[in-house]
Amino acid sequence: MTGAPVGLLIGGDRITSTGHTHEHIFPATGLPNATVAMAGAADVDRAVDAARAAQREWMAQTVDMRRDRLIDLADAVHQHLDELATLNVQDYAVPISFAGTAHMLEGFLRHFAGYADKIAGSSTPVSGSFDVNLVEREPYGVVGVIAPWNGALAVAGSCVAPALAAGNAVIFKPSELAPLAALRFGELCLEAGLPPGLVNILPAGAEGGDALVRHPGIRKVHFTGGGTTARAVIRAAAENLTPVVAELGGKSGNIIFDDADLDRAAMLSAHQGPLMQSGQSCACASRLLVHASVYDTFVEKFLAVLDSAPAGDPFDPLVRFGPVISESALTRILDTVDLAVSAGAGELLTGGKRMGGPLAQGFYIEPTVFADVDNSSPLAQTETFGPVVSISRFTDDDQAVRTANDTRYGLNAFVHTRDLRRAHRVSRALESGSVWINSTSRISPQGPYGGYKQSGFGRTGGWEGLLEFLQTKTIRIGLD
Ligand code: TXE
């Protein structure tokens, strides 16, 4: 499916000629499946103008009207769940059995529609006077939302929904590697009756993203992606002192204690590890820490779950394991594996090679597990963003916590135990924005979700996620 080029959505206009296109490659076959126009600085300018006008129109509606529009948008997403799931697969070949981000988008839209008519301020007394002192919450105006390739619809839910509920207009920049589902989301915004220009979809790479961040009309930026890019975004945003929220990568510890239900822990760890979008998720539990007394039993169960997950065509509902995003990602990940093997970072238990046979044209890497990994090794310290996990053993709780915390990241941590006291004690000691006990990372609209340390700052979900898109104003009325 290369067909006519797809392009930007600015206001009500579909723009397919910007002078710069990206050949979208379907990761499961290595073949082009779309030609996508890429936004540049002039397109950002045009989108900001459209967004400013639309935001004034949006704020001219009453809160109940805005609430109802967002409910209409959630309904439109619900009616197109299958189509959005299909586009998700076309974007980055995530197995359709996993492509739950369309449901997540609907859930976040319904959640934040509920806030739209409840954003209240307050009035406070003031010292030494009887003046009226009002505290009001106002939208920023036009905000920029930048999404990674592995979660455009998830970010549309966690960021665009609250931005709209707070009264902002949005310029949404999906990754050049996964623009298709985001573009359809933009169309659904128009079909649901949102003012044209309230949500603009600008697929672009670094150049368009940088122009968006630097634009003086962008009052806040929400960035989701890797740490290296986050530094470039923050440097660019500094030019206009534009505030940034950053949702970044992770290298999450996954602690299996000796009293854990090992069958359940093995299944959850596999699905939170190599089987989670082939390890291409910030939430990937990539460092397993297993109590020495149950190590061999757990590893055997864990490998069995990986082995039972069918790899193949991501459109096949029975497939649980898909390709990585690109040829360059495949090369990067396999280089990481080779480096770990040559450095003796751990024992390669399974995987480590490109899949052949009918999958040879796609970017498939076998689920890869290293055992007895040195936590100071690059394998354990660097986000691989592929189906590669490391396992090491511990003998006491404090050692497990120290090892889990021994990383520059702090997005998620996972704990498997039946001991309630231990679960609470360990959760409080772990340096991460989220701790999941006997669970996978099931992110909910109620949130909040976000990182400690170099996994970012700011939160998505719930009231904290809404506040990221509101400013506070104090109005004092002198009565004397
Ligand atoms: O990120 P990149 P990717 C993280 C994940 C991994 C990364 C993978 O952990 O580290 O995202 O996604 C745009 N100015 N998360 O490879 O390369 C680029 O076009 C402005 C965390 O996409 O950082 C893309 O749209 N924008 C997350 C976006 O930035 C620029 C969940 C991200 O690109 C730019 C999912 C520039 N100079 C993935 N350069 C979480 N924490 O929830 C590139 N971009």
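Numbering of ligands and ligand atoms starts at 1, following listing order. Small disclaimer: the values here were computed from a predicted structure and weren't measured. One is the number of the first residue; the rest follow in order along the sequence.
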Could you tell me, atom by atom, which parts of ligand 1 come under 4.0 Å of a heavy atom of [X]?
X: L411; result: 41 (N)
X: A204; result: 19 (O)
X: I146; result: 13 (C), 20 (C), 25 (O), 26 (N), 28 (C), 29 (O)
X: S175; result: 24 (C), 25 (O)
X: G249; result: 9 (O)

Could you check [atom] against the protein and tell me its nearest heavy-atom contact, residue, atom and distance included?
atom: atom 18 (C) of ligand 1; value: K173 NZ, 3.7 Å
atom: atom 12 (O) of ligand 1; value: P148 CB, 3.4 Å
atom: atom 35 (C) of ligand 1; value: N150 OD1, 3.1 Å
atom: atom 14 (N) of ligand 1; value: D210 N, 3.5 Å
atom: atom 40 (C) of ligand 1; value: C282 SG, 3.1 Å
atom: atom 9 (O) of ligand 1; value: E383 OE2, 2.6 Å
atom: atom 36 (C) of ligand 1; value: A206 O, 3.8 Å
atom: atom 1 (O) of ligand 1; value: G226 N, 3.6 Å

Which segment of [X] sits under 4.0 Å of ligand 1 when only heavy atoms are counted:
X: V233; value: side chain
X: A230; value: neither
X: A147; value: backbone
X: L177; value: neither

So, are [X] and [Y] salt-bridged, with charged N and O less than 4.0 Å apart?
X: R214; Y: D210; result: yes
X: R52; Y: D49; result: yes
X: E247; Y: R459; result: no
X: R408; Y: E383; result: no

Short N/O distance, under 3.5 Å, between S281 and ligand 1?
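So ligand 1 has no N or O lying under 3.5 Å from an N or O of S281.
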Evaluate L248 for polar contact with ligand 1, using N/O atom pairs at a separation under 3.5 Å.
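Yes; the residue has a nitrogen or oxygen that sits under 3.5 Å from a nitrogen or oxygen of the ligand.
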State the [atom1]-[atom2] distance between [X] and [Y], to the nearest 0.5 angstrom.
X: T472; Y: L467; atom1: OG1; atom2: CG; value: 7.5 Å
X: T331; Y: R354; atom1: OG1; atom2: CZ; value: 7.5 Å
X: Y449; Y: S434; atom1: OH; atom2: OG; value: 5.5 Å
X: M276; Y: S269; atom1: CE; atom2: OG; value: 12.0 Å

Over all heavy atoms of both residues, which pair between P139 and Q55 is shortest? Give the atoms and the distance, please.
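Distance-wise, the nearest heavy atoms are CG-NE2, 3.7 Å.
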Identify which of I234, V145, T228, T229 has a heavy atom lying nearest to atom 39 (N) of ligand 1.
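It is T229 whose heavy atom sits nearest to atom 39 (N) of ligand 1.
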Which is closest to atom 22 (O) of ligand 1 by heavy-atom distance: W149, Y409, F385?
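Looking at heavy atoms only, W149 sits closest to atom 22 (O) of ligand 1.
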Working for side-chain contact (heavy atoms from CB on, under 4.5 Å), residues F370 and L349:
CA-CA 6 Å; F370 282 87; L349 288 187; over 6 Å; no
In terms of relative ring orientation, are F185 and F172 parallel, tilted or perpendicular, with 30° and 60° separating the classes?
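The arrangement is perpendicular - the two ring planes meet at more than 60°.
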Using the six-membered ring wherever Trp is involved, compare the ring planes of F298 and F302 and label them parallel, tilted or perpendicular (cut-offs 30° and 60°).
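Judged by the thresholds at 30° and 60°, the geometry between F298 and F302 is parallel.
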How about F469 and W463: are their ring centroids closer than 6.0 Å?
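No; W463 has its ring centre 6.0 Å or more from that of F469.
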